[in-house]
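Atoms considered below: every heavy atom in the structure, side chains included; atoms not considered: hydrogens, waters and symmetry mates. Quick note on labels: first sequence line is chain A, next is B, and so on, each numbered from 1.
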Amino acid sequence: MIDLRLLREDPDLIRASQRLRGESTDLVDDLLRADAERRAATQRFEAVRAEQRSIGKEVAKASGDERAALLTRTKDLAVEVKAAEAAAGEAEQALKRAHMAVSNVVEGAPPGGEDDFVVLREVGDLPQIENPKDHLEIGEALRAIDTERGAKVSGSRFYFLTGVGALLQLGMLQLAIQQAVEHGFIPSITPTLVRPESMEGTGYLGAHASEVYRLEADDLYLVGTSEVALAAYHSNEILDLDGPRRYAGWSSCYRREAGSHGKDVRGILRVHQFDKVEMFSFCRPEDAAEEHQRLLAMEEEMLAKVEIPYRVIDVAAGDLGSSAVRKFDCEAWVPSQNRYREVTSTSNTTTFQARRLNIRYRDDNGKPQTVATLNGTLATTRWLIPILENHQQPDGSVRVPKALQPFLGGRDVLEPFK
RNA sequence: GGAGAGCUGGCCGAGUGGCCUAAGGCGGCGGAUUGCUAAUCCGCAGCAGGGGUGAUCACCCUUGCCGGGAGUUCGAAUCUCCCGCUCUCCGCCA
């Protein structure tokens, strides 16, 4: 949710942001109207309620005829109060709906849609591989990835990681946690089933509702990222913030992939369940842009450790999620596809999520203010794809990046089974 | 799954229909005293929304908030119902 004070002071700023996103400016006018209407309705309610309360005090002291007279008056008033309260409640609900409909105010993202991202830099040399095998072919030869049995047991877009596949993933995630701890992040293992409020607070029940698994019998949701649990972790709290508060959450993630039938069906690029280490920061709004760069630097440090070439893109305004003001993706080189594919994403959501989740800090005057939140990927199952493909050798073996070798019993090469 | 007890401000905790504008304590902030620290004494303070007066910082008025929601009542922290959560015990179970 955006800051309503900002909306009142500078509605044109919000309209400009909506245009950049390719979203309607009518939503801004709807919100302005709903805001004015709510204030008017609140005032009407408060006026009758104040009268009711003051007469109520006289009733308590009065007796006999005087009391009876007061009671007839307050009985009528009670009806008015009830009606005014209901009207104020409806105005409040209408405001909330209009409020939810307006996206966060874009900050510095390039204009345009999905294809209008700006490449900030390309890092690492692309490997020269003749007829590269794709990650599934390599993974099957190593007996590291088994999608056939994944499908047998659970359906399409499920897989088993076995042997060195399991070790690679565990090592990579462990490496991410180690790095996070070195940089002062609090390592966390988070719930993957959450209540509706938590899901709603992070905005995942809006446009992405069909992407989310729901357990009807218990009214719980399976998270698509530990961002959900980490964001909701401090909901309704006032934090002591000296500097940014940083978490690294390790969890399995679940996605229905409802709208992606027939897309990326091979291998483990797009799956219903995967594991991820996610960074999440709470900081003062004035520090958010700098913190965003820090999360991006963390991602690049990890990519360097697994020795894969990548590029960094500045995602265009029209392709941002509703809560992000800016988003940087790291895309790793995938030789079999001869293109870059997204492996990390870091978003600055400023106060948008925190306002909905009611997460605040005390400013220098001791007044509660809404915090800013940011998130970013530190490692995920999908990384196995560029790791296997970029490090493949002509003989079918796979070189193990130095940083991962300790997690594979010191091996520097993984040999295929005959 | 069954039975019971709870949920009050940053924290602890009193409050069983109007005197709640929520006692008291801890912690916090300001001041006094004081070689320093500590102790003592005095004072100030919840959160959110709305309106107003003089302004960039206050002050005044007002409404809501006692786990969440609905209800009873002229009036609810207090009574009723639904939901959530915590604790204790029993049962079942990895």
Side-chain angles (χ1 to χ4, degrees), chain A residues 1-10 31-100 189-201 205 214-221 228-229 232-242 245 252 282 285 351-371:
Chain A
M1 295 192 284
I2 62 164
D3 185 352
L4 285 181
R5 288 176 204 280
L6 180 66
L7 172 84
R8 288 172 204 153
E9 280 166 24
D10 194 355
L31 180 53
L32 279 167
R33 215 173 302 118
D35 179 46
E37 178 48 41
R38 190 199 114 244
R39 280 186 286 172
T42 301
Q43 280 173 47
R44 284 191 288 269
F45 162 66
E46 286 187 6
V48 284
R49 177 66 176 156
E51 191 181 352
Q52 181 188 44
R53 289 183 53 147
S54 80
I55 296 178
K57 277 183 184 141
E58 292 174 38
V59 171
K61 291 177 204 143
S63 58
D65 290 349
E66 195 188 351
R67 187 184 170 94
L70 283 170
L71 280 181
T72 30
R73 258 176 83 195
T74 51
K75 272 180 185 166
D76 293 339
L77 247 182
V79 177
E80 271 182 64
V81 167
K82 198 159 270 188
E85 187 172 18
E90 273 168 40
E92 182 87 45
Q93 287 304 309
L95 173 64
K96 193 185 171 196
R97 279 193 300 275
H99 204 170
M100 296 281 217
I189 294 171
T190 63
T192 53
L193 284 167
V194 300
R195 315 174 74 217
E197 302 92 283
S198 305
M199 212 62 184
E200 187 166 14
L205 289 187
R214 173 160 183 254
L215 277 74
E216 178 125 31
D218 300 284
D219 199 16
L220 290 170
Y221 293 88
V228 175
Y233 185 62
H234 285 305
S235 59
N236 299 313
E237 293 183 21
I238 298 176
L239 303 176
D240 289 322
L241 273 191
D242 299 327
R245 177 97 55 109
S252 291
F282 299 87
T351 56
F352 194 83
Q353 275 185 340
R355 187 166 292 109
R356 195 155 23 181
L357 288 161
N358 190 28
I359 310 171
R360 293 171 294 170
Y361 71 100
R362 288 194 189 279
D363 66 16
D364 297 334
N365 298 320
K367 283 281 152 203
Q369 305 285 352
T370 304
V371 303

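Look at the P atom in both A22(B) and G46(B): the space between them is 10 Å, to the nearest Å. Between A14(B) and A23(B), the two P atoms lie 14 Å apart (nearest whole Å). Rounded to a whole angstrom, the distance from the C1' atom of G35(B) to that of C20(B) is 48 Å. When the P atom is compared between U16(B) and C11(B), the two are found 23 Å apart, to the nearest whole Å. Across U21(B) and G30(B), the matching P atoms stand 31 Å from one another, rounded to whole Å. U72(B) sits 42 Å from U53(B) when the C1' atoms are compared, rounded to a whole Å. With both ends at atom P, the span from U86(B) to U80(B) equals 24 Å, rounded to whole Å. Of the C1' atoms belonging to U73(B) and U78(B), the separation is 13 Å, rounded to the nearest Å.
His234(A) has its NE2 atom 15 Å from the C1' atom of G10(B), to the nearest Å. Summarising the geometry, the separation between NE2 on His99(A) and C1' on G49(B) is reported as 14 Å, rounded to the nearest angstrom. The CG atom of Asn358(A) sits 9 Å away from the C1' atom of C47(B) (whole-angstrom rounding). Nucleotide G50(B) holds its C1' atom 8 Å from the CZ atom of Arg38(A), rounded to whole Å. Taking atom CG of residue Leu70(A) and atom P of nucleotide C74(B), one finds them 14 Å apart after rounding to whole Å. For the pair Lys96(A) NZ and G49(B) P, the interatomic distance rounds to 16 Å; values are reported in whole Å. Atom CD of Glu92(A) and atom C1' of G50(B) are 11 Å apart (whole Å).
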Output a table of nitrogen or oxygen pairs between the protein and nucleotides 83-85 of chain B separated by less than 3.5 Å.
| residue | atom | partner | partner atom | Å |
| --- | --- | --- | --- | --- |
| G84(B) | O3' | Arg195(A) | NH2 | 3.2 |
| G84(B) | O2' | Arg195(A) | NH2 | 2.6 |

Could I get a table of every N or O pair under 3.5 Å where one atom is in the protein and the other is in nucleotides 53-60 of chain B?
none

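Rounding to the nearest 0.5 Å gives a distance of 5.0 Å between CG of Leu31(A) and CG of Leu7(A). With rounding to the nearest 0.5 angstrom, the CD atom of Gln369(A) is 10.5 Å from the CD1 atom of Ile238(A). Rounded to the nearest 0.5 angstrom, Ile359(A) CD1 and Leu239(A) CG are separated by 7.0 Å.
Of the residues in residues 71-79 of chain A, those lying under 4.0 Å from RNA chain B by heavy-atom distance are Leu71(A), Thr74(A), Lys75(A), Ala78(A).
Remark: Arg67(A) is not in phosphate contact with G18(B), judged by side-chain N or O atoms under 4.0 Å from OP1 or OP2. For Arg360(A) and A48(B), the shortest distance from a side-chain N or O to OP1 or OP2 is below 4.0 Å. Applying the 4.0 Å criterion to OP1 and OP2 of C74(B), one finds that Gln52(A) has every side-chain N and O outside that range.
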Just distance, no hydrogens or angles: give the donor-acceptor pairs under 3.5 Å from side chains in residues 68-95 of chain A, sequence neighbours left out.
| residue | atom | partner | partner atom | Å |
| --- | --- | --- | --- | --- |
| Thr72(A) | OG1 | Ala68(A) | O | 3.3 |
| Thr72(A) | OG1 | Ala69(A) | O | 2.6 |
| Thr74(A) | OG1 | Leu70(A) | O | 3.1 |
| Thr74(A) | OG1 | Leu71(A) | O | 3.0 |

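Using a 4.0 Å heavy-atom criterion, one finds that Arg44(A) contacts no nucleic acid atom at all. Among the heavy atoms of the strands, none lies under 4.0 Å from Arg355(A).
Across all their heavy atoms, Ala354(A) and Thr370(A) have their closest contact at CB-CG2, 3.7 Å. Smallest separation of non-hydrogen atoms from Arg67(A) and Val59(A): NH1-O, 2.9 Å. Heavy atoms only, all atoms of each residue included: Ser252(A) and Thr192(A) are closest at O-CG2, 3.3 Å.
Scanning for salt bridge (Lys or Arg N to Asp or Glu O under 4.0 Å) contacts around Glu37(A) gives Arg44(A), with sequence neighbours left out. Considering only residues two or more places apart in sequence or on other chains, His234(A) meets the ring-ring contact (aromatic ring centres under 6.0 Å, His included) condition with Tyr247(A), Phe282(A). For Asn358(A), the side chain to side chain donor-acceptor pair (under 3.5 Å) partners two or more places apart in sequence, or in a different chain, are Asn236(A), Arg360(A). Evaluation of the side-chain contact (heavy atoms from CB on, under 4.5 Å) rule for Arg53(A) yields Arg49(A) as partners, not counting sequence neighbours. Remark: Arg97(A) engages no residue in a side chain to side chain donor-acceptor pair (under 3.5 Å) (not counting sequence neighbours). Annotation: salt bridge (Lys or Arg N to Asp or Glu O under 4.0 Å) contacts of Arg195(A) (sequence neighbours excluded): Glu197(A).
Side-chain proximity of Val59(A) to C74(B), A48(B), G49(B): nearest is C74(B).
With a 4.5 Å cut-off on side-chain heavy atoms, Pro191(A) and Tyr233(A) do not count as touching. By the 4.5 Å heavy-atom criterion applied to side chains, Met100(A) and Glu200(A) are counted as neighbours. For the pair Phe352(A) and Ile2(A), the minimum side-chain heavy-atom distance is below 4.5 Å.
Tested against Leu4(A) for a side chain to side chain contact (heavy atoms under 4.5 Å, CB included), the candidates Arg355(A), His99(A), Glu9(A) yield a single pass: His99(A).
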Scan nucleotides 62-72 of chain B nucleotide by nucleotide, 5' to 3', and note B when protein non-hydrogen atoms come under 4.0 Å of the base, S if they reach only the sugar-phosphate, - if neither. BBS-------S
Watson-Crick and G-U pairing of RNA chain B, under 3.5 Å, as dot-bracket with | and [ ]: ((((((((.[[[..)..(.....]]].(((((.......))))).((((((((....)))))))).[[[[[..)....]]]]])))))))....
